[in-house]
Structure formats: C-alpha cells, structure tokens
Amino acid sequence: MRAVPRRLFLPEAQQAYAEADQPLPIGRGQTNSQPSTVRRMLELLDVGPGHRVLDVGCGSGWTTALLDELAGPDGSVIGVELEEELAEWGRSNLVGAGRAGAVVHTARPGVLGWPDDAPYDRILVSAQARQLPDELCDQLAEPGVMVVPVAGRMLVVRRTRGQERTVEASGHYRFVPLR
C-alpha cells in the first residue's frame with residue numbers, strides 16, 4: 001500500500017487524514033475505504049502478476065491503482081464507477097499517480113460490473129450488496145476469486161475449473177450500498 005499513497009486519491013480537504021485508518025468522504029455520498037479494510041480485501045483477493053482484475057465501485061481510483069500495482073505490467077485492471085463525476089476524477093487521479101495503464105469506466109445504467117471484457121481472474125467490490133450479485137459471479141473466470149461485502153459480511157467467492165463456486169465469510173464490515 002506504500003507504493004500508492006492514499007493522499008493522491010483524496011479531495012484536498014481530506015488529504016491531511018490520509019494516514020488515518022478510517023473511511024473518508026470523497027463526494028457524491030461515497031467514501032475512500034479505511035486502509036486496514038482495503039488491506040484485508042486485497043489479501044483475500046490474492047492478486048498476482050498478470051491477473052485481469054475488475055474493480056467495482058472504484059470511486060477515487062485508489063483501489064484501482066493498488067490493484068494495478070499488484071497485477072503488474074502484464075496484468076490489466078478495469079475500474080467501474082457509477083458516479084460520472086467520480087469516474088472522471090478517478091481517471092485523472094490514476095494519471096497523476098503514474099497509473100495510466102489502469103482504466104476507469106463509468107458504469108452503464110442497469111449493468112453491474114463491466115461484462116464487455118469478462119471474464120476476470122479477480123473481482124473486487126467496494127460497495128455492499130444485499131445478496132451475492134450473480135451478474136458479477138458470471139464475470140468471474142474459472143479459476144477466479146471475488147471479494148464482495150454482502151449484508152454486512154465480507155464474502156470470498158471462488159470458482160475453480162469444472163466446480164461449483166464456493167463462498168466463505170471473512171468478518172463483518174460496513175460499506176456504502178452497491179447500486
């Protein structure tokens with residue numbers, strides 16, 4: 001996480017709190033998740049060099065940049081953000097942080113994730129779903145891993161070749177709602 005300073009992805013008024021382990025507002029009712037939560041999600045996601053990664057609810061682009069660091073030059077990272085203003089800001093933050101290889105798309109109404117470039121080896125969801133989103137499960141490669149907060153619990157969804165998906169819970173967390 002040191003490779004991608006959080007302050008580069010925060011509004012000016014929040015930059016003084018970049019080192020605080022707390023969620024910070026980034027506008028449009030969205031937050032930049034607290035670093036310890038992001039660290040845990042990245043550990044569970046287990047992104048490696050060359051992975052194709054989808055970052056759902058990427059907000060300011062910080063998690064997109066972190067995923068880009070983990071996937072390396074042979075990987076690819078696509079961030080998706082519903083709020084156009086935040087998507088534009090996230091794109092400019094990535095460029096400013098030297099992460100121009102990762103991309104941020106504005107989500108299309110009624111479409112969850114970014115099915116155009118599926119399947120993905122890893123999917124990170126930074127907003128809480130009411131139930132496990134099948135649309136995102138369908139975008140997960142075999143093998144693949146998705147980390148998604150659902151109804152207050154962090155779920156790790158794994159798909160293996162020829163096997164049914166497995167789902168395990170890993171703690172309780174609060175996020176803004178997945179829309």
Side-chain angles (χ1 to χ4, degrees), residues 1-48 51 53-71 77-100 102-107 112-114 122-133 136 145-157 167-179:
M1 293 179 67
R2 288 187 180 105
V4 182
R6 183 184 191 204
R7 67 176 171 70
L8 299 176
F9 297 85
L10 294 172
E12 190 173 336
Q14 297 299 322
Q15 290 177 2
Y17 307 104
E19 300 301 319
D21 191 28
Q22 65 187 45
L24 297 172
I26 59 172
R28 309 292 296 171
Q30 305 303 307
T31 61
N32 181 284
S33 298
Q34 69 188 63
S36 62
T37 299
V38 172
R39 181 180 306 111
R40 181 64 183 143
M41 292 173 77
L42 294 176
E43 290 169 353
L44 292 169
L45 197 60
D46 192 28
V47 175
H51 278 153
V53 185
L54 178 63
D55 185 16
V56 178
C58 67
S60 68
W62 184 46
T63 53
T64 309
L66 290 166
L67 292 164
D68 182 59
E69 174 71 17
L70 294 170
V77 180
I78 294 174
V80 179
E81 173 54 50
L82 183 61
E83 297 289 339
E84 174 61 36
E85 182 180 312
L86 290 179
E88 287 179 20
W89 183 50
R91 285 189 282 275
S92 70
N93 289 341
L94 287 169
V95 171
R99 297 286 168 181
V103 298
V104 171
H105 295 296
T106 302
L112 188 55
W114 197 256
R122 300 291 187 269
I123 299 176
L124 178 67
V125 183
S126 296
Q128 182 169 263
R130 291 183 184 160
Q131 60 189 25
L132 188 61
L136 292 177
V145 177
M146 177 170 58
V147 173
V148 54
V150 176
R153 297 177 15 208
M154 189 65 68
L155 300 184
V156 181
V157 179
V167 180
E168 44 187 82
S170 181
H172 295 273
Y173 294 86
R174 290 181 52 182
F175 281 83
V176 296
L178 180 64
R179 300 180 289 142

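Keep in mind that the numbers below use all heavy atoms, side chains included, and drop hydrogens, waters and symmetry copies. Numbering starts at 1 and runs along the sequence shown.
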Just how far is it from atom CG of Leu94 to atom CH2 of Trp62, taken to the nearest 0.5 Å? 13.0 Å

Less than 4.5 Å apart, side chain to side chain, heavy atoms only: is that true for Arg122 and Asp46? yes

The test is side-chain contact (heavy atoms from CB on, under 4.5 Å); show your working for Val148 and Ile123 and say whether it passes. CA-CA 8 Å; Val148 54; Ile123 299 176; over 6 Å; no

Shortest non-hydrogen contact from Pro149 to Ala127? CG-O, 3.4 Å

Taking all heavy atoms of Leu132 and all of Leu155, pick out the closest pair and write down the distance. CD1-CD1, 4.4 Å

Just wondering, do Arg28 and Glu85 contact through their side chains at under 4.5 Å, heavy atoms? yes

List the steps and the verdict of side-chain contact (heavy atoms from CB on, under 4.5 Å) for Asn93 and Val104. CA-CA 10 Å; Asn93 289 341; Val104 171; over 6 Å; no

Return the OG to CD distance between Ser170 and Glu43, rounded to the nearest 0.5 Å. 9.5 Å

Going by heavy atoms in the side chains, are Glu81 and Glu88 under 4.5 Å from each other? no

Enter the distance from Leu178:CG to Leu136:CG here, rounded to the nearest 0.5 Å. 7.0 Å

Got a second to check how far Met41's CE is from Phe175's CZ, nearest 0.5 Å? 4.0 Å

Taking it one step at a time, do Thr106 and Arg91 satisfy side-chain contact (heavy atoms from CB on, under 4.5 Å)? CA-CA 10 Å; Thr106 302; Arg91 285 189 282 275; 3.9 Å; yes

Tell me the closest heavy-atom pair linking Phe9 and Trp89, and the distance in Å. O-CH2, 3.4 Å

Validation row: Gln14, Ile26 side chains within 4.5 angstrom (heavy atoms): no

Considering non-hydrogen atoms only, spot the tightest contact between Leu45 and Val145 and give its length. CD1-O, 3.6 Å

Under 3.5 Å, which donor-acceptor pairs do the side chains of residues 16-25 form with other protein atoms, sequence neighbours left out?
from, atom 1, to, atom 2, distance (Å)
Asp21, OD1, Ser36, N, 2.8
Asp21, OD1, Ser36, OG, 3.1
Asp21, OD2, Ser36, OG, 2.8

Straight-line distance of Glu168 CD to Arg153 CZ, nearest 0.5 Å: 11.0 Å

I'd like to know if the side chain of Arg6 reaches the main chain of Asn32, judged simply by a donor and an acceptor atom lying under 3.5 Å from each other, with no hydrogens or angles considered. yes

Working to the nearest 0.5 Å, report the span between CG of Leu8 and CD of Gln15. 7.5 Å

Beyond-backbone contact of Leu54 with Val80, side-chain heavy atoms, under 4.5 angstrom: yes

Assess the side chains of Thr64 and Asp55: does a donor N or O sit below 3.5 Å from an acceptor N or O? yes

